[in-house]
Student: 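Would you mind keeping the following structure in view while I ask a few things?
Naming: A, B, ... by sequence-line order, numbering from 1 per chain.
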2 protein chains.
Amino acid sequence: MPEKTEKPAPETGEATAAEAATTGEAATTGEDRPRRRQARGERRIAQLLEAAARVFATTGYTAASTNAIAREAGVSPGTLYQFFPNKEAIAIELGSRLMHEMRQSYDEVLTPITSDTTPLEEVIAGTVDRFIEFNCRHPAFFVLMHGPDIPGRIAEEHDALHATLVARVETILAPFAPDAPQAAVTRTAQMCVGIYKAGLELILAHEGDEREAYVQELKGALVRYLEPLMGTS
Amino acid sequence: MPEKTEKPAPETGEATAAEAATTGEAATTGEDRPRRRQARGERRIAQLLEAAARVFATTGYTAASTNAIAREAGVSPGTLYQFFPNKEAIAIELGSRLMHEMRQSYDEVLTPITSDTTPLEEVIAGTVDRFIEFNCRHPAFFVLMHGPDIPGRIAEEHDALHATLVARVETILAPFAPDAPQAAVTRTAQMCVGIYKAGLELILAHEGDEREAYVQELKGALVRYLEPLMGTS
DNA sequence: CAGAAATGCGAGCGATCTCTCGTGTTTGTC
DNA sequence: GACAAACACGAGAGATCGCTCGCATTTCTG
């Protein structure tokens, strides 16, 4: 009875492909390995990713051993490597899923705002609240995205996310500063993301009322930083 | 002829103790090991620390192997361990020396300002310029202080530095907000340091004119963040 | 039910890294 | 010159980690 502790794992059960990452081939026949029997496997993948998120969040990427992830998930190392070709693929898949989830609650807030002429203060407050809430619920996301010990592939994913983030902020900022050169807008957006990251670090390091106070402090910092753009729209 | 490539190493040649870090004992007879012959040894220590700074700056702490540091310094692994009990001690000593050097050029600017009633804008500009210049000259400092893959001891050193930094900023800010609660001043100081770190990261990632533009952007961000304190002094 | 494929285990291989040890060399002291 | 201590070397011991392999078990298909 190898199935030792079959947790319920009440996950959503999305059909995200977790394999076929290393070789990168198999483009001739679409999918040369149809991969049947995904019920149990999909459950194990979710289980392993949850365990990986916990281990990554507490020890960082490099210090997290694959054996520790397997142990945290309650499976053997061999089982882990049945679903992921290597350690990097675990982080990639986890980061990918988190990014996907974030992009959802992200577009949810940003889309109705960009076209409208909402006051900048509300845009800032809403965006910050959403992002803070997401990062508090998924501490592994911060580690994977802002951790400096990550190998090449994840760094690329992070750069991609960062680029889209800056681009989004740029489009939000652009109408407020129509006569500013493009480079200046980029710098401002980059600073905004940087200030947000700095505030997020402080927020994650505190609890309760103190955390809330830092949220307000971050909002104030962003509002005042963008103050010169306020009166021109 | 074991002395392969005896570099000139035109260092200052300060008398900083680099050993006696792990055990922590030997407090009975002051120094139980007088350690003669410091001419060549002191040179090797400086040589090894320079090499470590280069390796740390390029690969980070955990990814930096002691063999790589020894190779970069042009000595054998055994020689490295003649002067440092372990890898952590190298980072500690390097961080300690950098912190000492920074504290010099730091007090140099801050001391004559705190007692005076210099406008806040100048305080910010002067401090930022000094810190930026220091961090550009010693990229390893940023890696050691803000790297998340560092073991316990260096993290303590970093926390100590961070605490003194925040305390200093608090004392600078306090006269500008005499009727604010202590906790609020602390939060503001913490945010200042965070914003500075975020700006520093952007500045280090750019060159030439773009770098200068980000320096201005950082100064502006700090000035506007502290704007509410301007008129009360 | 029979065969195949997916899933599961865990010992252990190979690579890497930190740190040691035995030995040889340089330098200071008398 | 003689002795000792500091300095230097480099092979490798010891430990860890990513990952594999052979084999057992479960589940799907027909």
Side-chain angles (χ1 to χ4, degrees), chain A residues 1-7 9 18-23 31-48 52 55-56 59-92 149 151, chain B residues 1-7 9 17-19 21-23 31-48 52 55 59-91 149 151:
Chain A
M1 196 236 260
E3 298 280 272
K4 289 185 177 179
T5 56
E6 187 73 26
K7 292 175 185 176
E19 62 267 83
T22 38
T23 55
E31 278 184 312
D32 53 351
R33 292 281 208 79
R35 276 279 175 199
R36 275 184 286 170
R37 172 75 50 71
Q38 287 165 346
R40 206 178 11 159
E42 214 65 56
R43 222 180 309 149
R44 277 282 128 88
I45 288 178
Q47 196 176 128
L48 283 163
V55 178
F56 285 155
T59 68
Y61 174 77
T62 33
S65 81
T66 55
N67 287 7
I69 295 174
R71 202 182 318 119
E72 173 83 17
V75 302
S76 87
T79 299
L80 185 150
Y81 281 93
Q82 192 110 37
F83 301 103
F84 298 97
N86 51 49
K87 180 180 170 182
E88 192 176 349
I90 304 173
I92 296 221
D149 55 343
Chain B
M1 197 235 266
E3 297 279 274
K4 289 184 176 180
T5 56
E6 186 74 25
K7 294 175 184 175
E19 62 266 83
T22 39
T23 56
E31 278 185 312
D32 52 352
R33 294 282 207 80
R35 277 280 176 200
R36 277 184 285 171
R37 171 77 52 70
Q38 287 166 347
R40 205 177 13 158
E42 215 64 56
R43 223 180 307 151
R44 277 278 127 89
I45 289 178
Q47 195 175 126
L48 283 163
V55 178
T59 68
Y61 174 77
T62 34
S65 82
T66 54
N67 285 7
I69 294 174
R71 202 181 320 118
E72 174 82 18
V75 303
S76 87
T79 299
L80 186 151
Y81 281 94
Q82 192 112 35
F83 300 102
F84 299 97
N86 51 48
K87 179 180 169 182
E88 192 176 347
I90 303 173
D149 55 343

Student: Rounded to whole angstrom units, what separation is found between the CD1 atom of B:Ile45 and the C1' atom of D:dC7?
Tutor: 11 Å
Student: Atom CD of A:Gln82 to atom P of C:dA5: distance rounded to whole Å?
Tutor: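 Distance check: A:Gln82 CD to C:dA5 P gives 14 Å.
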Student: Can you sort out the partners of B:Ala64 under side-chain contact (heavy atoms from CB on, under 4.5 Å), two or more places apart, ordered by chain and number?
Tutor: B:Val55, B:Phe56, B:Thr59
Student: How close or far is atom P of D:dG18 from atom CZ of A:Arg71, stated in whole angstroms?
Tutor: 11 Å
Student: Between A:Glu42 (CD) and C:dA6 (C1'), how many Å, whole number?
Tutor: 13 Å
Student: Rounded at 0.5 Å granularity, tell me how far NZ in B:Lys87 sits from CG in B:Asn67.
Tutor: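 Interatomic distance, B:Lys87 NZ to B:Asn67 CG, rounded to 0.5 Å: 10.5 Å.
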Student: Send over the distance from A:Leu80 CG to D:dC21 C1', rounded to a whole Å.
Tutor: 16 Å
Student: Taking the side chain of A:Val75 as its heavy atoms from C-beta onward, which of D:dC7, C:dC9, C:dG8 lies nearest to it?
Tutor: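 From the listed options, C:dC9 comes nearest.
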Student: Working to the nearest 0.5 angstrom, can you tell me the gap between B:Ile69 CD1 and B:Ile90 CD1?
Tutor: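 Going from CD1 on B:Ile69 over to CD1 on B:Ile90, the span is 4.5 Å.
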Student: Identify the two heavy atoms, one from A:Asn86 and one from A:Tyr81, that lie closest to each other, and give their separation to 0.1 Å.
Tutor: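 Looking at all heavy atoms of both residues, the closest pair is CA-CE2, 3.8 Å.
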Student: C:dT26 C1' sits how many Å from B:Gln38 CD, rounded?
Tutor: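 Result: 16 Å.
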Student: Could you pull out all residues at least two apart from B:Ser76 that satisfy side-chain contact (heavy atoms from CB on, under 4.5 Å)?
Tutor: B:Thr79
Student: Does OP1 or OP2 of C:dG8 have a side-chain N or O of A:Arg44 closer than 4.0 Å?
Tutor: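 It does, given that an N or O in the side chain of A:Arg44 lies less than 4.0 Å from OP1 or OP2 of C:dG8.
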Student: Between atom CZ in B:Arg40 and atom P in D:dA5, what is the gap in whole Å?
Tutor: 16 Å
Student: I'd like to check B:Glu42 versus B:Ile45 (side-chain heavy atoms, cut-off strictly below 4.5 Å). Are they in contact?
Tutor: yes
Student: Of all heavy-atom pairs between A:Ala70 and A:Leu80, which one has the smallest distance, and what is that distance?
Tutor: N-CD1, 3.8 Å
Student: Produce a footprint string for nucleotides 15-20 of chain C: one letter per nucleotide, 5' end first; B if the base is under 4.0 Å from any protein heavy atom, S if only the sugar-phosphate is, - if neither.
Tutor: ---BBB
Student: For a quick test of reading the model: is some side-chain N or O of B:Ser76 closer than 4.0 Å to OP1 or OP2 of D:dG10?
Tutor: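 Answer no for this pair, as no side-chain N or O of B:Ser76 is under 4.0 Å from OP1 or OP2.
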Student: Once you round it to whole Å, what is the distance between P of D:dG18 and CD1 of A:Ile69?
Tutor: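 Atom-to-atom, A:Ile69 to D:dG18, this comes out as 8 Å.
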